[in-house]
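Take a look at the structure below.
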Amino acid sequence: MPGQMFVRFMLLQKRLLKKGGFLLMLCLAPLLSAGVGRLAAESAGIATIALYLPEGDASAREISERLLNGGGVLRYLPCDDEAEAQILVETGEADAAWIFSEDLSERLEELGEKRRVRPVVTVVERRDSVPLILGREILSSAIYPSFSYKVYEGYVRDELGLAGMTDEELRRVYDSVAVEGSLFQMVYPDETPGETEEFTYVQAPLRGILAIWFTFVGLSAALWFMRDEDRGVYGRLSVTKRLSASYVAGAVYLLDAAAVLLLSCRLAGVFTDWKREGISCAVFAVCVLAFANLLRMICRTPRRLGMVFLPLLAAMLALCPVFLNLPYFKAGKLLLPPWYYLQSIHNPRYLYEMAVYTAVLAALGVILQRVQSRRR
Amino acid sequence: MGRTAAYFLAQLKRAARLLPGQLLADIAVCFCAGVFACLLIAQGALAAEGTRYRIGMVGDLSDSYLGFGIAAVQKMDDSRFMIELVSMSEQEAETAWRRGEVYAVMRVPEGLMESIVYGENDKLVTYTAAQGQQGLGTMVMGEITDVASTLVTCSQSAIYAMQRVLADQGRGEEIGRETDKLNLALINLVLSRSGFGEVEVLGYGDGLSLELYYFCGMILLFLLLSGLLNSALFVHGNGAFSCFLKARGVGALRQILGEYLAYLLLVLAGLLVLCLPLGFGLVRGHLGIPEWEGMGAAPFLAFVPVLFPVAAMFASLQFFLFEAGDGIVNGILLQLICGIGMGYLSGLFYPSAFFPEKMRVLGACLPSGAAVRFAQAGALGKIPAAAWAAVFVWLAVFLGLTTLVRWRRMQ
């Protein structure tokens with residue numbers, strides 16, 4: 001029996017790989033992943049900021065370094081003058097302009113001495129928005145290191161009465177005790193630190209897109225099986241053995257797709273490690289197989305199954321954490337295999353839940369198969 | 001010509017048989033999309049009120065400085081417009097996180113304040129934000145924590161430097177008093193840090209509002225992926241029948257035209273079904289689109305015909321993919337990967353402005369990019385000739401390619 005299944009598996013594999021359309025479809029996923037992975041290396045941001053900082057000003061240089069070399073979710077367009085920055089906003093090439101005052105260092109020094117916050121930047125925005133609110137926080141945090149230094153300088157000279165201390169002495173003391181590094185660290189539920197994965201938000205949805213694609217490969221395999229059934233390819237098999245035959249047919253599709261999924265994740269830059277990816281992908285493949293087969297048996301005809309595809313896709317896009325992670329419809333999420341897969345990458349608990357869900361789907365498939373074969 | 005018309009009518013009858021089932025599936029999609037849109041709007045409304053990220057705080061919160069810091073963030077700091085800190089037990093936080101009631105769980109280690117006061121900074125506040133892998137939200141959250149970290153470490157540096165100066169001057173007894181004074185001054189400055197920028201809002205509106213952008217985006221995505229819904233039409237594709245038709249004088253081009261027009265009508269029927277709840281939502285004011293505010297359904301009724309050329313272009317793309325996929329199974333998978341891939345690159349999920357320059361150019365060159373430009377221009381009431389040309393060129397290209405594939409298959 002296992003030998004027969006293996007022969008059937010290999011024959012189906014041979015038949016599938018002869019199809020140009022199937023190979024084209026398999027090639028498109030890595031192509032998309034590699035393309036986005038490569039293009040994502042370029043500068044991008046959720047808001048574009050036209051940046052004008054006065055030339056030759058020490059504080060301006062420090063702020064500019066913090067903003068331009070810090071990575072982050074904003075994109076900066078350095079400008080030569082104030083007018084250029086303003087024009088970029090007016091023409092819509094930038095969402096906002098940050099125009100620093102010409103006498104930035106003197107202004108910060110004056111404010112530091114007085115320990116007061118007053119405008120040193122003109123922020124010109126087309127329209128207020130959430131990314132620009134975040135942008136203003138980033139702007140404040142870029143100014144704050146220079147400003148807090150000026151506060152310290154002013155405090156020592158005025159409040160402590162040490163006006164005689166030179167700039168160099170003050171700087172030396174400050175540098176000797178300066179605190180660096182972040183106080184926060186993002187960790188995944190499996191304790192993996194967030195910074196171990198270096199990809200941008202442009203690449204982030206690719207795993208989700210690939211997971212949905214993989215689910216549809218499973219559904220297409222079910223459709224393929226139904227067509228073969230209609231053509232009488234499985235005419236010699238008894239109705240009760242059809243379920244295992246459909247699993248074999250689905251496994252042929254999903255084996256190729258699983259290899260492409262892993263390769264695509266790697267090309268997209270969202271790959272973690274082989275062990276974790278391999279286990280998650282294997283459980284996901286079995287889950288998709290059981291899910292597609294159950295749906296096949298519920299829909300019963302290729303036409304009905306085809307009509308389920310778009311609503312199912314809409315549900316997956318809305319409920320799985322692909323582009324957004326909405327905190328609603330937990331019950332709906334629990335029905336979708338990609339949701340488990342996407343969660344399981346950094347949380348083993350979901351891997352077990354996916355395995356349990358797979359067992360439930362497979363059991364339901366067996367029951368439904370028996371009910372349907374009795375009716376025939 | 002007569003045979004082409006007869007073939008078209010035969011295809012039309014086939015499409016009409018699919019229509020009831022397709023309408024049901026359309027309604028299901030509309031329901032999903034409607035619920036999704038309502039949730040997005042609800043989330044947007046929350047952002048406007050300022051509670052975007054709800055964060056559960058667990059761990060050692062007993063320190064009075066820390067308590068003051070959390071209270072300050074909650075009540076006085078500008079960040080209260082972006083985050084909401086909720087103190088909870090580990091168990092409560094875990095449950096809330098799994099239910100999606102909190103965006104992240106922040107764990108404060110024991111002795112954090114001592115570590116900060118003594119400048120060691122060896123205890124890190126860890127946060128578990130991402131469900132699955134990191135996404136845009138987690139990265140934004142990372143920016144917020146970076147801001148908080150910079151504010152704390154720079155204030156620390158200023159205080160320690162001042163303490164060192166006093167110690168070097170032999171005025172150790174003053175350190176406590178001066179530290180308190182400088183601390184208070186810095187806290188005050190941190191809380192008023194938004195005053196560094198003088199904000200000037202131009203209020204320009206020549207582009208689309210985010211609401212109208214996503215309104216157009218969702219309709220286009222529906223059209224782009226509607227090939228999946230109409231896949232049933234291609235279930236019984238038969239190469240031998242094409243050859244038979246050719247022998248009867250209906251060549252590849254005529255076959256494609258007959259089938260394509262019937263298919264297009266199916267796509268347009270789906271579009272109209274989608275437009276009904278959208279129009280209703282607009283009239284009742286459930287969809288707050290600033291550009292169309294207070295104008296009732298009139299702008300939307302003018303917008304619907306704008307979508308017809310786009311629907312025709314997407315229908316030709318889907319038709320080509322089914323033909324090139326050589327069968328419904330591969331056709332569906334091609335539809336899916338092309339639809340989602342093109343939609344993503346052309347900014348139907350995230351605004352294209354979020355992407356790098358080259359990716360934006362690529363997205364704009366794709367058929368979906370041409371559709372986005374056309375629909376967005378149509379929504380504002382002025383479609384440039386270039387947008388018309390791009391849509392019709394793609395339409396012609398796909399019909400030409402489909403004919404070529406059919407012709408080659410018949411040879």
Side-chain angles (χ1 to χ4, degrees), chain A residues 21-22 25 28 32 39 42 44 46 73 92 115 117 119-126 130 137 140-141 143-145 148 152 155-156 173-174 177-179 182-187 201 204 209 213 216 220 223-224 302-303 306-307 309-311 314-315 318 321 323 325-328 342-343 345, chain B residues 21 25 28-29 32 36 39 47 100 121 124-126 131-133 135-136 139 143 145 147 149-150 153-154 156-158 160-161 164-165 182 185 189 192-193 195-202 204 207 228-229 231-232 235 325-326 329-330 332-334 336-337 340-341 349 354-356 358-359:
Chain A
F22 181 72
M25 179 279 296
L28 280 177
L32 173 73
L39 291 173
E42 311 259 321
I46 58 172
V73 294
R115 292 191 287 286
V117 172
V120 291
V121 192
T122 305
V123 177
V124 184
E125 293 177 355
R126 288 172 70 79
V130 175
E137 282 294 311
S140 305
S141 79
I143 297 170
Y144 191 73
S148 63
Y152 146 75
Y155 195 87
V156 169
V173 173
Y174 186 89
V177 295
V179 182
S182 179
L183 288 171
F184 297 89
Q185 187 184 36
M186 189 238 151
V187 290
Y201 65 86
I209 292 176
W213 167 81
F216 273 83
S220 302
L223 203 61
W224 188 50
R303 185 169 288 178
M307 282 177 174
F309 284 179
L310 191 58
F323 298 102
N325 192 9
L326 296 175
Y328 311 100
L342 295 173
Q343 304 283 33
I345 292 298
Chain B
V29 173
C32 283
F36 187 55
L39 293 178
N121 286 17
L124 293 180
V125 178
T126 58
Q131 290 206 340
Q133 262 183 314
L136 183 58
M139 289 171 193
E143 288 285 348
T145 56
V147 168
S149 198
T150 304
T153 53
C154 289
Q156 277 180 300
S157 301
Y160 302 148
R164 176 63 63 86
V165 169
L182 184 55
L189 295 172
S192 52
R193 67 188 180 279
F196 283 130
E198 191 172 25
V199 183
E200 202 180 293
V201 180
L202 300 178
Y204 282 144
L228 292 176
L229 196 64
S231 59
V235 166
D326 192 15
V329 178
N330 297 326
I332 284 172
L333 292 172
L334 280 173
L336 183 91
I337 193 79
I340 298 187
F349 296 104
F354 283 20
F355 296 145
K358 282 182 187 164
M359 207 161 140

Please work out which of the three classes, parallel, tilted or perpendicular, describes the rings of B:Phe354 and A:Tyr201, given edges at 30° and 60°.
perpendicular

Quick one: what part of B:Leu229 sits under 4.5 Å from any heavy atom of chain A, side chain, backbone, both or neither?
both

Provide the closest heavy-atom pair for A:Ser220 versus B:Ile332 in the form atom of the first, atom of the second, distance.
OG-CG2, 3.9 Å

Please look at A:Phe216 and chain B and tell me whether the side chain, the backbone, both or neither of the residue comes under 4.5 angstrom of a heavy atom of that chain.
both

Mind checking the OG-CZ spacing from A:Ser148 to B:Arg193? Nearest 0.5 Å is all I need.
13.0 Å

From B:Ile337 atom CD1 to A:Ile209 atom CD1, the distance as rounded to the nearest 0.5 Å:
7.5 Å

For a quick test of reading the model, state the closest non-hydrogen atom pair linking B:Glu143 to A:Val73 and the distance between them.
OE2-N, 2.9 Å

Side chain / backbone / both / neither for A:Ile46 at chain B, heavy atoms under 4.5 Å
both

Just give me the residue among A:Val156, A:Thr122, A:Val124 that pairs up with chain B most often, heavy atom to heavy atom, under 4.5 Å.
A:Val124

Rounded distance (nearest 0.5 Å) linking atom SG of B:Cys154 with atom OH of A:Tyr152
13.5 Å

Contact origin within B:Leu182 toward chain A - heavy atom pairs under 4.5 Å:
both

Nearest 0.5 Å please: distance from the CG atom of A:Leu183 over to the OG1 atom of B:Thr150.
9.0 Å

Minimal heavy-atom distance between A:Val117 and B:Ser192, with the atoms involved, is CG1-O, 3.2 Å

Evaluate the side-chain proximity of B:Leu336 to A:Phe309: yes if any heavy-atom separation is below 4.5 Å, no if none is.
no

Let me confirm one number: the CH2-CG distance from A:Trp224 to B:Leu333, rounded to the nearest 0.5 Å.
12.0 Å

Which atoms form the tightest heavy-atom contact between A:Ile143 and B:Phe196, and what is the distance?
CD1-CB, 3.8 Å

Heavy-atom pairs under 4.5 Å with chain A, option from B:Leu136, B:Leu189, B:Val165 with the top count
B:Leu189

